[in-house]
Amino acid sequence: MTLTQLEIFSLVAELQGFTSAAHRLGISQSAVSHAIKALEQELGVELFRRHQNLVEPSEIGQQLLGRARAMLGLANTLQQEAADARGMKRGTLRVGSFGPTASIRLLPGILSQFRAAYPGIEVHVDEGPDRQVLQWLDERRIDVGFVVLEQERFDTFALFEDQMVALLPTEHPLADRDALTLQELCDDPFILTEAGSSELVSRLFGAAQLRPKVRYRCAQLLSTLEAVSRGDGLSIVAEASLPPLDDPRYVKRPLSPRVPRQIGLAVLDRRQSSPATLAFIEIAQRGGRASNCPPSHLLSK
């Protein structure tokens with residue numbers, strides 16, 4: 001059993017295909033098939049079920065996948081610690097990000113400083129909904145991820161605080177209010193943005209024992225903004241995720257009482273994190289950010 005075989009096993013499971021894994025790795029499909037077959041023969045189990053052009057881990061394959069990713073993570077940490085002794089001249093860092101707040105406002109500034117300090121570290125960034133970043137952390141697909149705090153099962157590092165705001169069409173009867181309660185947002189159709197803080201929004205209504213009339217579930221914030229602008233419904237989003245320039249078609253109003261949202265970085269276990277991961281976190285906490293993030297919103301741990 002080799003780390004290369006485990007890497008191929010993990011990637012085939014992630015991409016659900018031998019061909020796509022081969023393209024990602026820059027090797028032939030036959031090489032991928034040979035590696036999986038050799039690993040299956042060594043372990044004495046079938047790791048994948050084949051369904052025409054799609055493959056998925058078998059029951060035992062899914063169980064072993066977590067172990068394989070843990071081993072790959074440990075190997076990466078060992079490599080990073082060795083690289084640290086050489087001044088971190090080589091290595092890989094895998095970052096998970098979500099939404100405009102992390103991907104547009106925070107990440108670019110942090111990456112700029114990190115790459116300047118450690119040009120030999122190869123950075124991979126995967127973007128998805130906030131809940132998917134949490135899943136990637138659990139599955140060890142990423143080393144560090146941007147998350148909405150609090151996250152009790154991870155080691156976290158606070159970076160940035162903004163607030164949740166209500167979005168409504170400019171001509172809506174509630175648009176002239178200074179602030180809006182959750183109850184006032186339950187009378188109209190509601191638009192839930194899956195890519196941002198959907199779980200936080202759902203928890204807010206649940207804690208208040210309210211049920212919004214969810215009529216639209218948008219995968220992207222831009223879709224939510226367009227739907228609100230057309231008058232299709234109301235929404236709640238994070239203020240920092242909105243475009244920097246105001247759009248005359250909709251207005252934002254703070255919630256009453258105010259609902260803060262904290263963004264931070266998370267790792268599975270700080271003690272097992274690679275030097276590159278810890279360096280990335282340190283730069284982020286020092287203030288590596290895009291210029292349109294107000295300094296007063298940065299938090300110290």
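The shown structure was predicted, so the numbers you read here are calculated from the model rather than taken from an experiment.
- The neighbour count for H124 NE2, taken as heavy atoms of other residues, nucleotides or ligands under 6.0 Å away, is above 12.
- Side-chain atoms of T181 and E184 form a donor-acceptor pair, as typed in the model, at a separation below 3.5 Å.
- In summary, D187 and K213 do not engage in a salt bridge, as defined by a charged side-chain N under 4.0 Å from a carboxylate O.
- Between the side chains of S30 and S33, not a single donor N or O lies within less than 3.5 Å of an accepting N or O.
- Using a 4.5 Å cut-off on side-chain heavy atoms (C-beta onward), L265 and V147 make no contact.
- Separation of atoms CG (L167) and CG (L234) is listed at 9.0 Å; rounding is to 0.5 Å.
- At least one side-chain heavy atom of L47 sits less than 4.5 Å from a side-chain heavy atom of L39.
- Rounded to the nearest 0.5 Å, atoms CG (L72) and CZ (R67) are 14.0 Å apart.
- The side-chain heavy atoms of R270 and F157, taken from C-beta on, include a pair separated by under 4.5 Å.
- Donor-acceptor pairing under 3.5 Å is lacking for the side chains of S241 and T101.
- Checking each of R141, R69, R140, E139 against S10 for a side-chain hydrogen bond (donor to acceptor under 3.5 Å, both in side chains) leaves exactly one that passes, namely R69.
- Two residues are said to be in side-chain contact when any heavy atoms from C-beta on lie closer than 4.5 Å; F205 and P212 meet this criterion.
- The aromatic ring centres of F190 and Y216 sit 6.0 Å or more apart.
- More than 12 heavy atoms of other residues, nucleotides or ligands shown are found within 6.0 angstrom of CZ on R50.
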For residues 12-26, which side-chain N or O atoms pair as donor and acceptor with protein atoms under 3.5 Å away, sequence neighbours left out?
unit_1 : atom_1 : unit_2 : atom_2 : d
T19    : OG1    : Q29    : OE1    : 2.7
S20    : OG     : G17    : O      : 3.3

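- Between T2 and T4, the side chains place no donor N or O within less than 3.5 Å of an acceptor N or O (distance only, hydrogens not considered).
- Side-chain contact between D143 and V95 is absent, with no heavy-atom pair separated by less than 4.5 Å.
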> Are R153 and D138 close enough, and set up right, to give a salt bridge (Lys or Arg N to Asp or Glu O under 4.0 Å), and what steps lead you there?
Replying inline: CA-CA 9 Å; R153 69 180 187 274; D138 275 329; 2.9 Å; yes
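- L106 is listed as a side-chain neighbour of I263, based on a closest heavy-atom distance under 4.5 Å.
- The OG atom of S235 sits 8.5 Å away from atom CG of L225, with the distance rounded to the nearest 0.5 Å.
- Residue R261 holds its CZ atom at 11.5 Å from CG of L204, rounded to the nearest 0.5 Å.
- Between E127 and S103, the side chains place a donor N or O and an acceptor N or O closer than 3.5 Å (distance only, hydrogens not considered).
- More than 12 non-hydrogen atoms from other residues, nucleotides or ligands lie less than 6.0 angstrom from CG of D176.
- In this structure, the side chains of D178 and R253 stay at 4.5 Å or more apart for every pair of heavy atoms.
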request  = Kindly determine whether F48 and F9 satisfy ring-ring contact (aromatic ring centres under 6.0 Å, His included), including the steps that lead there.
outcome  = CA-CA 9 Å; F48 292 100; F9 170 39; 5.6 Å; yes
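- Atoms OG1 and CD1, from T224 and I236 in turn, are 12.0 Å apart once rounded to the nearest 0.5 Å.
- In this structure, NE2 in H172 is found 3.5 Å from CG in D188, a value given to the nearest 0.5 Å.
- Across all their heavy atoms, W136 and G128 have their closest contact at CH2-N, 3.8 Å.
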